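Some notes on the structure that comes next.
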Amino acid sequence: MNDTMTEIPLWTKFINWLLYSHFFIALCAVAMTLQTGYLVPAIDPGPTLLGLVFFSTLTIYALHRLVSARKVGDALSIERFDIIRTYQHHIWGYTVLGIVGTAICFFLLPWRLKGALLLPGVLSLGYVFPFWGKQRLRLRDFHYLKIFLIAGVWAYVTVVLPAIDQGMPWHTILLLATERALFIFMITLPFDLRDAHLDAYHAGKTLPTQMGTTSTLYLATGVYLLWSILVGFLYPTPTSWALWASGGYAWILVCYAPKVKHDYYYTGLIDGTMLVQFGLIALVAAVF
């Protein structure tokens with residue numbers, strides 16, 4: 001594997017670095033948090049909170065990939081884990097950077113946000129590190145729990161935290177968080193289909209692996225329609241049109257995902273729908 005990695009083109013190495021260093025997904029998390037401020041002008045995520053979102057996302061995703069690659073070992077041949085094992089020393093460096101950045105930003109946050117970080121912090125660490133029973137299960141290994149954890153934590157971090165910081169009423173926070181969770185849920189479904197063999201190795205069941213591909217795509221369509229209705233209820237035009245356009249683009253990628261095996265499609269294009277959505281919302285805010 002190492003010999004192969006040294007022969008790949010420079011642009012491929014750059015994409016591998018961007019995706020598997022987890023800077024890309026950390027930027028997506030920052031974009032989603034900033035988007036909350038664009039959608040609700042009363043919410044203004046400050047630089048300290050944005051820094052915490054970036055560094056904590058970098059830390060959790062890097063740790064998750066390192067732990068998962070170690071748990072799988074050589075039992076399964078998965079390209080992204082091969083890449084991670086090849087560059088694991090670099091990724092450990094980014095993990096340390098993320099931990100230090102998270103600690104600094106956490107120290108600078110007001111106390112109301114420090115307390116609010118307890119829930120997503122515990123869930124994220126439980127998602128990454130084995131802690132339960134003789135099998136050393138993680139939260140992601142419990143049947144059907146993984147996708148709900150991902151959608152819930154992402155909605156909490158990118159919506160609830162900045163809304164709490166601005167003292168928004170809870171009924172508004174819950175509606176905004178539900179909209180975000182539905183979008184994240186939809187774009188996470190194809191990842192569970194991609195990881196079916198990995199979840200089977202850990203003896204974990206997910207909704208997509210139990211429902212099958214066709215039913216999963218029906219579920220994604222239903223979630224997309226529900227999300228679209230909520231968007232129309234929450235936001236005025238042209239903001240809602242920007243969200244619908246980005247959501248439609250994401251839905252198309254989700255529906256086509258079962259035909260694609262390459263990880264760039266998932267980690268790059270599907271995760272990248274968060275950046276596309278943010279870009280459209282920022283454009284609307286600038287023009288209108």
Side-chain angles (χ1 to χ4, degrees), residues 19-20 22 24-33 35-36 52-54 56-69 71 80 98 116-132 137-161 174 176-196 198-199 202 204-211 216-217 219-220 222-224 226-227 230 247 250-251 253-254 257 263 265-275 277-278:
L19 297 181
Y20 301 115
H22 306 95
F24 184 75
I25 193 66
L27 289 173
C28 290
V30 170
M32 287 280 97
T33 308
Q35 178 177 303
T36 301
L52 180 115
V53 169
F54 176 85
S56 61
T57 304
L58 178 66
T59 302
I60 291 298
Y61 273 78
L63 284 173
H64 168 57
R65 288 294 176 85
L66 288 167
V67 171
S68 294
K71 281 177 69 70
R80 64 185 184 278
L117 281 166
L118 179 62
L119 177 62
V122 170
L123 291 176
S124 297
L125 291 174
Y127 186 92
V128 171
F129 293 109
F131 70 95
W132 185 267
L137 298 178
R138 301 162 292 175
L139 285 177
R140 76 179 305 281
D141 299 324
F142 285 82
H143 296 334
Y144 309 113
L145 188 58
K146 182 172 69 170
I147 194 169
F148 296 102
L149 282 173
I150 293 172
V153 170
W154 269 81
Y156 190 99
V157 169
T158 64
V159 175
V160 176
L161 286 180
L174 289 175
L176 296 172
T178 300
E179 178 264 305
R180 184 64 49 79
L182 288 172
F183 180 78
I184 298 298
F185 187 95
M186 178 182 70
I187 66 173
T188 304
L189 282 169
F191 286 83
D192 278 351
L193 286 175
R194 179 201 66 179
D195 293 339
L198 181 60
D199 291 319
H202 294 298
K205 297 178 181 179
T206 65
L207 286 177
T209 56
Q210 297 303 300
M211 296 172 62
T216 297
L217 296 182
L219 175 60
V223 171
Y224 168 62
L226 182 60
W227 172 82
L230 190 55
W251 175 73
L253 290 180
V254 168
D263 190 55
Y265 186 88
Y266 296 85
T267 310
L269 282 179
I270 294 182
D271 276 344
T273 59
M274 292 184 275
L275 293 178
Q277 187 169 104
F278 167 72

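Model, not experiment: these values are computed from the prediction. The chain is numbered in sequence order, starting from 1.
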What pair of heavy atoms forms the shortest contact from [X] to [Y], and how long is it?
X      : Y      : value
Gly98  : Thr59  : C-OG1, 2.9 Å
Val254 : Ala220 : CG1-CB, 3.9 Å
Ala177 : Ala155 : O-CB, 3.4 Å
Arg138 : Val67  : NH1-CG1, 4.4 Å
Thr33  : Ala29  : OG1-O, 2.8 Å
Met186 : Ala250 : CE-CB, 3.8 Å

[Y] side chain reached by [X] side chain, heavy atoms, under 4.5 Å:
X      : Y      : value
Val160 : Leu176 : no
Phe185 : Leu207 : yes
Tyr20  : Asp263 : yes

Checklist entry - Between Tyr61 and Trp154, how do the two ring planes meet: parallel, tilted or perpendicular, split at 30° and 60°? => result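 It falls in the perpendicular class, over 60°.
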Checklist entry - Under 30°, 30 to 60°, or over 60°: which ring-plane class applies to Tyr127 and His64, parallel, tilted or perpendicular? => result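 The arrangement is tilted - the two ring planes meet at 30° to 60°.
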Next on the checklist: So does Ile270 get a backbone contact from the side chain of Thr273, meaning a donor-acceptor N/O pair under 3.5 Å?
Outcome noted: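 Pair found, side chain donor or acceptor close to backbone of Ile270.
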Which distance, rounded to the nearest 0.5 Å, do you find between the [atom1] of [X] and the [atom2] of [Y]?
X      : Y      : atom1 : atom2 : value
Lys146 : Phe191 : NZ    : CZ    : 10.0 Å
Ile187 : Ile147 : CD1   : CD1   : 10.0 Å
Leu193 : Thr206 : CG    : OG1   : 7.5 Å
Phe278 : Thr158 : CZ    : OG1   : 12.5 Å
Leu161 : Leu119 : CG    : CG    : 9.5 Å
Met211 : Asp192 : CE    : CG    : 11.0 Å

Next on the checklist: Checking side-chain contact (heavy atoms from CB on, under 4.5 Å) between Met274 and each of Ile184, Leu27, Val30, which is the one that passes?
Outcome noted: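 Only match with Met274 under side-chain contact (heavy atoms from CB on, under 4.5 Å): Ile184.
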Next on the checklist: Once side chain to side chain contact (heavy atoms under 4.5 Å, CB included) is applied, do any residues pair with Leu269, and if so which ones, sequence neighbours excluded?
Outcome noted: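 Residues passing side chain to side chain contact (heavy atoms under 4.5 Å, CB included) with Leu269: Tyr249, Leu253, Tyr265.
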Item to check | Val157/Leu117 under side-chain contact (heavy atoms from CB on, under 4.5 Å): CA gap, chis, key distance, verdict | outcome: CA-CA 8 Å; Val157 169; Leu117 281 166; 5.7 Å; no
Item to check | By side chain to side chain donor-acceptor pair (under 3.5 Å) - contacts of Thr36 (at least two apart) | outcome: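 Testing Thr36 for side chain to side chain donor-acceptor pair (under 3.5 Å), a comparison that skips the adjacent residues, returns Arg180.
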